[in-house]
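Accompanying notes for the structure given below.
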Amino acid sequence: MTKEIRTRFAPSPTGYLHVGGLRSALYNYLFARKMGGKLLLRVEDTDRTRLVEGAVENFIEVFDWLGIHFDESPAVGGPHAPYVQSERLNLYTEATKTLAEKGHAYVCFCTSERLEQVRADQQARSLPPMYDKHCRKLSKDEVDARITAGEPYVWRMAVPDNEVVEVHDIIRGDVNFETSTIDDQVLMKSDGYPTYHLANVVDDYDMRISHVIRGEEWLPSTPKHVLLYRFFGWEPPQFAHLPLLLNPDRSKMSKRSGDVAVEAYRDKGILPDALLNFVALLGWHPQDEREFFTLEELVNEFSLQRVNKAGAVFDQAKLRWMNTEYLARLTHDEMWDGVAPHLPSELLTESAVRVRYAVISLRPGAESFQDLAAKVVEAFAPADISNDSWDEAQLSFVGEVADGLSTLPAGTWNDFEGLMAEFKAAANSAGAKHGLKGKGIWMTLRMALTGREHGPELGRLVGIWGREGTLNRLHAAIAAKLSQEQSP
RNA sequence: GGCGCGUUCGUCUAGGGGUCUAGGACGCUGGCCUCUCACGCCGGUAACACGGGUUCGAAUCCCGUACGCGCUACCA
């Protein structure tokens with residue numbers, strides 16, 4: 001029987017979810033689901049200096065928003081709880097003891113000052129900065145004595161000499177490392193907390209992780225992990241190192257250029273499904289040329305074999321396009337529900353039917369709920385026509401249109417389609433009476449009604465404003481022009 | 001500096017020896033539609049890093065070079 005597929009997303013609680021982390025989490029999720037396995041969330045909080053309050057709760061909340069659910073996590077628990085490393089310290093202590101007994105770990109008393117000095121010397125001589133294994137030759141008696149004396153110390157791994165460590169990577173194939181280039185990595189810090197290297201190996205084994213799918217930045221430290229598995233006598237998991245997510249300048253994606261927090265995209269109005277879809281396509285592609293996928297479809301299509309090796313630039317413009325596409329596929333009800341919370345309270349005094357009509361009329365091309373809300377607000381904004389100058393004909397034409405509209409049966413104003421036709425007819429007949437046609441008609445009306453050269457179709461705006469709003473605008477425009485003539 | 005990974009249009013990518021005068025998408029751009037803007041529709045632009053091999057034949061295989069990126073912490 002084959003081993004159960006178990007993957008994990010193991011972030012450190014920095015306070016927000018990085019989109020690169022999201023991509024890793026997503027691929028872990030897709031792979032686990034596809035293979036009928038489990039996905040777990042494990043919090044790697046072994047660096048006490050970087051703890052952020054509420055970070056774990058935030059992760060859970062954001063993943064919930066995204067619709068990615070973990071089979072085992074700090075929130076839902078599971079057979080390998082706890083899923084927070086700071087609550088598993090005894091495991092790491094035990095593991096260290098095991099390594100020490102086998103001679104694979106040793107105590108090091110070197111101060112950070114000395115380490116810095118060593119590094120500086122090596123740099124000066126153009127040598128690779130590595131620990132000089134100074135404490136590896138300390139006698140057991142000396143070690144015991146110094147520990148008893150209360151001297152602070154760490155545990156380091158004893159990397160063997162002159163060996164080649166082979167890392168099997170699903171995405172990159174076999175990658176070899178000379179042990180002479182591998183540092184005697186610290187496993188246990190002086191504060192009693194493990195480093196990432198020790199903790200992730202111990203936990204991945206303990207939690208029976210079958211596939212470690214993580215960012216490429218971990219590839220160089222993987223031989224250390226492989227060595228640890230060997231020291232412990234454990235079978236290592238399969239590794240898959242994902243290509244990095246890049247800034248436009250092709251450096252590793254960072255806060256430097258643009259947003260990296262999933263929360264920032266959520267706040268900007270990016271839909272969770274759009275974000276997931278977009279991120280899934282960064283470094284992976286399906287067999288055909290489709291590019292719109294639900295989470296379920298992604299699960300069906302996903303395969304680690306189709307993950308690319310080269311890093312991918314996170315293209316904000318394409319994300320925006322994808323979000324626009326997702327928005328366009330929403331029903332009117334869904335769109336209304338999304339936009340309504342972003343509308344200012346002033347608009348509540350307007351008829352709900354007309355505000356809703358505004359949302360429906362203005363939605364084509366909207367990039368986000370916020371974007372559409374802004375367009376709605378703009379549509380209701382008062383006109384300022386002081387910069388436009390009219391001749392006599394235009395002035396009477398606008399009056400004529402106002403008269404024509406005021407005689408429309410009340411019911412017409414509630415029938416948006418019919419109103420559009422009536423409005424057009426009124427404008428055309430008034431135009432004919434005053435020698436205006438085509439652009440002369442429409443641009444004059446557009447300026448009178450909105451004060452701007454560009455904007456939504458007037459026939460729709462009239463419906464959005466309603467009888468009173470429309471006539472008010474027309475009368476206000478006429479009044480403004482008349483007073484302008486009197487006081488030049 | 002050392003180690004490692006990578007390299008197809010500006011960007012995301014298809015391509016796994018002939019079907020590639022290299023396909024799709026975003027972007028940009030021309031036109032159409034039109035009361036304007038946007039939307040929509042139609043079209044265009046643009047790439048196999050370089051040099052050697054292997055082969056009848058290479059974007060596809062091999063080697064080298066260049067360039068880019070990552071790692072090089074008692075951070076993950």
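Residue numbering restarts at 1 for every chain, and letters A, B, ... go by the order of the sequence lines. Just so we're clear, the structure is a prediction, and the values are computed from it rather than from any experiment.
Note: CZ (A/Arg172) to P (B/G4) measures 14 Å, nearest angstrom. Computed from coordinates, the A/Phe239 CZ to B/G4 P distance equals 18 Å when rounded to whole Å. As a whole-Å value, the separation of A/Phe177 CZ from B/G70 P is 16 Å.
RNA chain B is contacted by both A/Leu281 and A/Ile171; A/Ile171 maps to the nucleotide lying nearer its 5′ end (nearest heavy atom per residue). For A/His285 and A/Arg50, each mapped to the nucleotide of RNA chain B holding its nearest heavy atom, the one lying further toward the 5' end belongs to A/His285.
Both tests hold for A/Arg329 against A/Phe292: distance to the six-membered ring centre under 6.0 Å, angle to the ring axis within 45°. Cation-pi geometry between A/Arg23 and A/Tyr27 is met: the NZ or CZ atom falls under 6.0 Å from the ring centre, inside 45° of the normal.
The side chain of A/Glu457 lies closest to B/U36 when the candidates are B/U36, B/C74, B/C26. Side-chain proximity of A/Glu289 to B/C71, B/G23, B/A76: nearest is B/G23.
Applying the 3.5 Å distance criterion, the base of B/A25 shares a donor-acceptor pair with the side chain of A/Lys318. For B/C74, the base has a donor-acceptor partner in the side chain of A/Ser190 [N/O atoms by modelled type, under 3.5 angstrom]. You'll find a donor-acceptor pair under 3.5 Å spanning the side chain of A/Arg446 and the base of B/C35, going by distance alone.
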Could you walk me through whether A/Asp184 and A/Arg156 satisfy the salt bridge (charged side-chain N to carboxylate O under 4.0 Å, His left out) test, starting with their C-alpha distance in whole Å, then the side-chain angles of each, then the deciding distance to 0.1 Å, before giving a yes or no? CA-CA 6 Å; A/Asp184 273 9; A/Arg156 284 181 183 275; over 6 Å; no
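For A/Lys437, no side-chain nitrogen or oxygen approaches OP1 or OP2 of B/C35 to under 4.0 Å.
The number of heavy-atom neighbours closer than 6.0 Å to CZ of A/Arg452, taken from other residues, nucleotides and ligands shown, is 12 or below.
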